[in-house]
Asks: 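This is the structure I want to talk about, given as structure tokens.
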Amino acid sequence: MPQGAVAATPGLQSFIKSLKSTPVEPSIEHLISLLKRRQIRSSRPCAIATAALLLRVVGEVRGRDAGKLLRRIREVGKRLTAAQPREVVVGNIVRRVLGLVREVTEDNADTDTNANSEMSHSFHAQHDSLHRPQLSSSISTFSPLKNAVTEPLDTNLHQSDISESAEPAKRPSLQTSHTSYAQSTPMIGSLFGLFSHPDTPSTASTPTGFQSPAGKDSSITALNLDRLADLSTSKVDLKAEVLDGIRELQDELEQSDDLIAANALDHIHSNEIILTHTASTTVQKFLLAAARKRKFTVVHAEAYPNDHTATHATVLTGKKRYDENDDAEDQWKPLTAAGITVVLIPDSHVFAIMSRVNKVILATHTVLANGGLVAAAGAHMIAKAAKVHQTPVVVVSGVYKLSPVYPFDVDELIEYGDAGNIVPYEDGDFVDKVDVDNPLYDYVPADLVDLYITNLGGHAPSYLYRIVADHYRAEDITL
Amino acid sequence: MSDTPNGGAVQAPALAATNESTNRTPQAPSRDQNVTAAIPEESSKLSPAELKKRAKAEKQARRAQAKSAGPSSNQEKAHPPKEGKQQKDQKAAKDPKQGAKDDKSKALPVRRRPSQPNPPAPKEIKKETKKEQKPATGIFFGHLYNQPRQHSVVGASKEVHPAVLALGLQYSSYIVCGSTARMVSMLLVFKAVIQSYQTPQGTSLARHLTSHHLSPQIDYLRSCRPLSISQGNAIRWLKDIIIKIDPSTPEFDAKRELLEEIDNFILHRITVADKLIADNAAEKIKPQDVILTYASSSIVEKTLLQAHEKGIPFSVIVVDSKPLFEGKRLAQTLAKHGIPVKYSLVSGIAHAVKDVSKVFLGAHAMLSNGRLYSRVGTALVSMLAFSRDIPVIVLCESVKFTERVALDSIVGNELAPAEEILSQTERAALLPLKAHIPCRPNADSKDGEEAEAGTGEVISWFKDVENLQMLQVLYDVTPAEYIKMVITEYGSLPPSSVPVVHRMSTNI
């Protein structure tokens with residue numbers, strides 16, 4: 001692609017392309033400006049861009065110091081989320097990568113300390129609880145994360161300037177029964193404890209970490225020193241493992257739609273009437289997967305005034321937007337080509353039609369820890385109309401959209417868009433006198449949703465907090 | 001009716017019709033046969049031919065040529081201006097329902113369909129065929145697709161009064177919109193119609209006026225847009241009045257009496273009623289209230305302005321939806337009077353409803369089971385308001401009450417042309433997709449397509465996709481439990497009292 005064309009349409013494609021040739025720091029700035037200008041928007045592009053950037057960032061970090069790596073990722077993550085706080089997915093990906101680093105270091109520490117005689121038992125106990133469980137595998141009932149997600153997370157969310165050391169400092173008090181040193185120290189959070197030990201003044205004051213090596217050394221306890229030494233001498237290449245992990249994450253982003261679509265036949269039967277809203281690749285793939293085996297009808301609400309063009313494009317061509325070069329690789333076909341009857345309706349018709357609809361399938365922008373979701377404007381009224389008609393509402397979403405954010409103030413999460421989409425600015429007389437509101441997103445409370453389908457399978461909204469706990473470290477919830 | 005008078009001429013068009021309709025529904029020929037049943041020898045020739053369409057078509061082409069010796073290239077043009085009347089029959093024959101109905105209803109299509117022979121005819125024919133296809137696929141409102149819709153005065157029967165023609169156009173283009181406005185304008189136009197009426201010899205005004213003079217007008221209006229409940233009520237009342245006129249009354253007096261009655265009706269049922277309702281409803285607005293209203297209703301507008309004139313400080317949120325954007329005008333009017341107005345579309349309703357203290361709604365009709373039949377989207381607004389315990393107040397004149405009942409919005413509704421779902425700007429926004437539109441059999445010549453007007457082409461993309469439908473209705477039904485109060489000129493009442501008030505108002 002010539003450079004000129006890239007510059008003409010800044011966005012995900014141009015960013016990914018430029019990432020290969022640009023140094024890291026300008027790339028970060030590039031992504032920040034793209035996010036600020038909303039040139040990369042909506043969850044998937046944001047997630048892809050963030051993962052790609054972090055891959056570069058991690059690759060560039062020198063040395064095998066896990067703490068340095070964490071600090072660097074965290075610092076980049078902070079800047080990215082500050083650029084566009086409502087694209088929660090950016091933060092999600094950063095947290096996932098942070099968790100990855102922790103996991104790798106813990107695994108290393110684990111294998112190294114395994115040989116140690118008396119410590120091994122307590123470390124194992126700790127890892128069972130803190131270790132990110134593989135997908136939906138069971139987790140020990142005693143989990144500090146559980147508490148972290150439901151309680152400390154909430155308080156921290158709205159005191160974002162609180163020092164990160166506050167949380168680990170609070171943590172040991174949660175388990176009153178354990179008083180021995182060997183058990184309480186790991187609770188501070190394995191390696192994380194190294195850098196944010198409550199006793200050290202340096203970490204408490206500078207959470208993002210510009211600590212001097214001297215300050216760090218002074219804070220290291222005998223045990224930690226042991227582990228750090230182990231880590232630095234360990235054979236495992238921390239960076240390579242993290243990079244592999246990020247690539248896995250990227251694969252997950254790519255495959256999540258297909259994994260979700262694999263569930264389609266469990267939920268859509270023949271001759272159903274399915275209502276969906278706005279344009280979503282996930283929903284489209286989900287329906288297409290079902291369309292291969294079954295014939296049903298799709299009623300598509302068009303999400304005027306913000307996403308109607310994308311909706312029309314989806315209905316016509318199967319894809320909501322076209323970038324210059326990506327349409328060649330995967331062939332998209334609209335649902336109609338698969339023999340599915342698609343009925344396009346304006347949003348206002350939802351209530352009128354709902355009495356005939358068997359199932360509502362919603363796409364989402366972000367899923368929150370309490371089981372609620374943020375989706376395109378209009379989703380709330382659709383979910384509500386479905387509720388009063390006793391129609392099940394199914395939300396399809398990749399796990400990467402699951403966010404540890406708890407919605408205390410829903411309005412904070414809602415972005416307002418260009419009022420000119422509703423009333424063009426040419427209509428000066430009108431725009432002058434009347435306030436025009438154009439919310440881009442709706443918050444849908446958890447009680448309006450019947451089922452979530454993620455790439456891990458189907459979940460009740462009440463269970464989502466658990467999946468959140470499985471994917472994010474309590475330490476990382478506040479970036 | 002008009003089949004028999006020009007029975008001789010019928011043959012040619014019927015033949016031409018079948019010739020042209022070989023690609024139409026297979027029943028078409030048999031229906032043609034129905035029409036031409038008056039001429040036995042013709043039908044006997046047709047019935048065997050039904051089986052072999054092609055052969056028949058050729059034969060008919062020859063016959064048609066022979067019959068109408070004048071325009072020899074008759075069947076190629078498909079709509080020669082001379083054959084206007086005859087084509088009517090063909091059209092009438094095309095519609096199965098109308099063919100099956102009684103004499104009177106059969107006459108209707110004949111009166112309003114003859115638009116075909118004129119220049120815009122090809123378009124009209126296209127629409128017809130589309131409508132005929134739809135019921136097979138229209139999943140929700142298939143039963144509504146046979147409602148005809150007319151957008152021109154072309155071919156209206158000569159009995160239709162010019163004022164009615166103009167009004168019909170205004171109906172179909174939504175210039176006159178809203179059930180009150182439509183009813184009042186209709187009555188005013190009927191005044192002109194009655195004024196220009198002359199009772200023919202040998203009959204009386206009471207017997208003749210309704211069936212022979214008013215009904216064509218009504219039929220024409222209905223063909224432009226299905227009549228509103230209020231219009232239906234008004235027409236019923238008017239017919240009742242006409243019937244009751246003593247046949248011995250001199251024509252001049254009878255007409256004057258009728259005109260006065262109509263004026264009184266408008267005065268009592270609309271003007272005064274509106275004032276009473278607005279007085280009553282304005283009292284409900286308290287200082288610092290935030291009133292939410294949906295789309296546009298004249299009576300809500302009146303109420304809000306009246307409350308504003310009383311000096312009550314309140315603000316209004318106007319929620320609107322495509323494609324009519326009626327609320328825009330309301331918002332503008334209110335803002336002009338200095339009321340703080342917020343404007344939002346229906347997709348943002350969940351946000352708009354947050355700080356609202358009352359919801360005021362206009363009505364198209366109040367159904368006898370207490371449900372509100374109003375602009376599509378009203379139910380969504382009421383639902384969200386109800387879930388937040390915000391009182392929903394309906395302002396409705398009793399003339400809009402009906403004995404009809406409905407459980408959902410599907411059975412009785414009015415279909416809007418599906419093309420209207422895409423505004424010009426929306427179509428323009430889709431133009432870049434051109435390269436990605438899946439290839440259609442007739443889309444081979446890309447250059448030829450590009451020559452077409454851009455936005456017109458977009459709509460054809462939608463139409464060409466086989467399984468794709470665009471759906472647009474105008475009304476929905478709001479469940480009675482969402483409605484706290486209905487304010488009428490008889491007072492404020494719960495929705496359950498609607499049938500009582502309806503009885504009261506019709507008995508007076």
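Chain identifiers are assigned alphabetically (A, B, ...) following the order of the sequence lines, protein sequences preceding nucleic acid strands; residue numbering begins at 1 within each chain.
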Asks: As an exercise, state the distance from OG of S409(B) to CE of M354(A), rounded to the nearest 0.5 Å.
Replies: 11.5 Å
Asks: Are the side chains of M381(A) and L384(B) in contact, using a 4.5 Å heavy-atom criterion?
Replies: yes
Asks: If you count heavy-atom pairs under 4.5 Å with chain B, which of A376(A), A377(A), A301(A) comes out on top?
Replies: A377(A)
Asks: Side chains of L471(B) and I353(A): closer than 4.5 Å at any heavy-atom pair?
Replies: yes
Asks: Please determine if D347(A) and K322(B) form a salt bridge, counting it only when a charged side-chain N lies under 4.0 Å from a carboxylate O.
Replies: no
Asks: What I'd like to find out is whether the side chain of K328(B) reaches to under 4.5 Å of the side chain of V434(A), using heavy atoms alone.
Replies: no
Asks: Do M383(B) and V350(A) come close enough that some side-chain heavy atom pair is under 4.5 Å?
Replies: no
Asks: What part of I340(A) gets closer than 4.5 Å to chain B, counting heavy atoms only: side chain, backbone, both or neither?
Replies: backbone
Asks: Given the options A337(A), A385(A), A419(A), which has more heavy-atom pairs under 4.5 Å with chain B than any of the others?
Replies: A385(A)
Asks: Can you tell me which portion of D427(A) sits under 4.5 Å from chain B's heavy atoms? Options are side chain, backbone, both or neither.
Replies: side chain
Asks: Only one of I349(B), T378(B), V376(B) forms a side chain to side chain contact (heavy atoms under 4.5 Å, CB included) with S348(A), so which one is it?
Replies: V376(B)
Asks: Considering only heavy atoms, which portion of I414(A) lies under 4.5 Å from any heavy atom of chain B: side chain, backbone, both, or neither?
Replies: side chain
Asks: Do F386(B) and V388(A) touch side chain to side chain, with heavy atoms closer than 4.5 Å?
Replies: no
Asks: Name the option with the most non-hydrogen atom pairs under 4.5 Å to chain A; the candidates are G377(B), A352(B), P432(B).
Replies: G377(B)
Asks: Out of curiosity, T297(A) OG1 to Q469(B) CD, how far, rounded to the nearest 0.5 Å?
Replies: 8.0 Å
Asks: Please classify the contact of F462(B) with chain A as side chain, backbone, both or neither, using a heavy-atom distance under 4.5 Å.
Replies: both
Asks: Are K354(B) and D411(A) close enough that some pair of their side-chain heavy atoms sits under 4.5 Å apart?
Replies: yes
Asks: Check whether any side-chain heavy atom of L468(B) sits under 4.5 Å from a side-chain heavy atom of V315(A), and report yes or no.
Replies: yes
Asks: Between S355(A) and D408(B), what is the shortest heavy-atom contact and its length?
Replies: OG-CB, 3.9 Å
Asks: Any residues in residues 335-348 of chain B near chain A, with a heavy-atom distance under 4.5 Å, and which are they?
Replies: A335(B), K336(B), V341(B), K342(B), Y343(B), S344(B), L345(B), V346(B), S347(B), G348(B)
Asks: Is chain B contacted by the side chain of V299(A), its backbone, both, or neither, given a heavy-atom distance below 4.5 Å?
Replies: side chain
Asks: May I ask you to decide if the ring planes of Y304(A) and F325(B) are parallel, tilted or perpendicular, using 30° and 60° as cut-offs?
Replies: tilted
Asks: Could you state the interatomic distance from CH2 (W461(B)) to NE2 (H312(A)), rounded to the nearest 0.5 Å?
Replies: 12.5 Å
Asks: Using heavy-atom distances under 4.5 Å, tell me whether L334(B) contacts chain A through its side chain, its backbone, both, or neither.
Replies: neither
Asks: Which pair of heavy atoms, one from L430(B) and one from A313(A), lies closest together, and at what distance?
Replies: CD2-N, 4.0 Å
Asks: Where on H349(A) is there a heavy atom nearer than 4.5 Å to chain B: the side chain, the backbone, both, or neither?
Replies: both
Asks: Check whether any side-chain heavy atom of L380(B) sits under 4.5 Å from a side-chain heavy atom of K384(A), and report yes or no.
Replies: no
Asks: Looking at V410(A), D432(A), D429(A), N438(A), which has the largest count of heavy-atom pairs under 4.5 Å with chain B?
Replies: D429(A)
Asks: Side-chain donor-acceptor pair under 3.5 Å between H351(B) and D442(A), yes or no?
Replies: yes
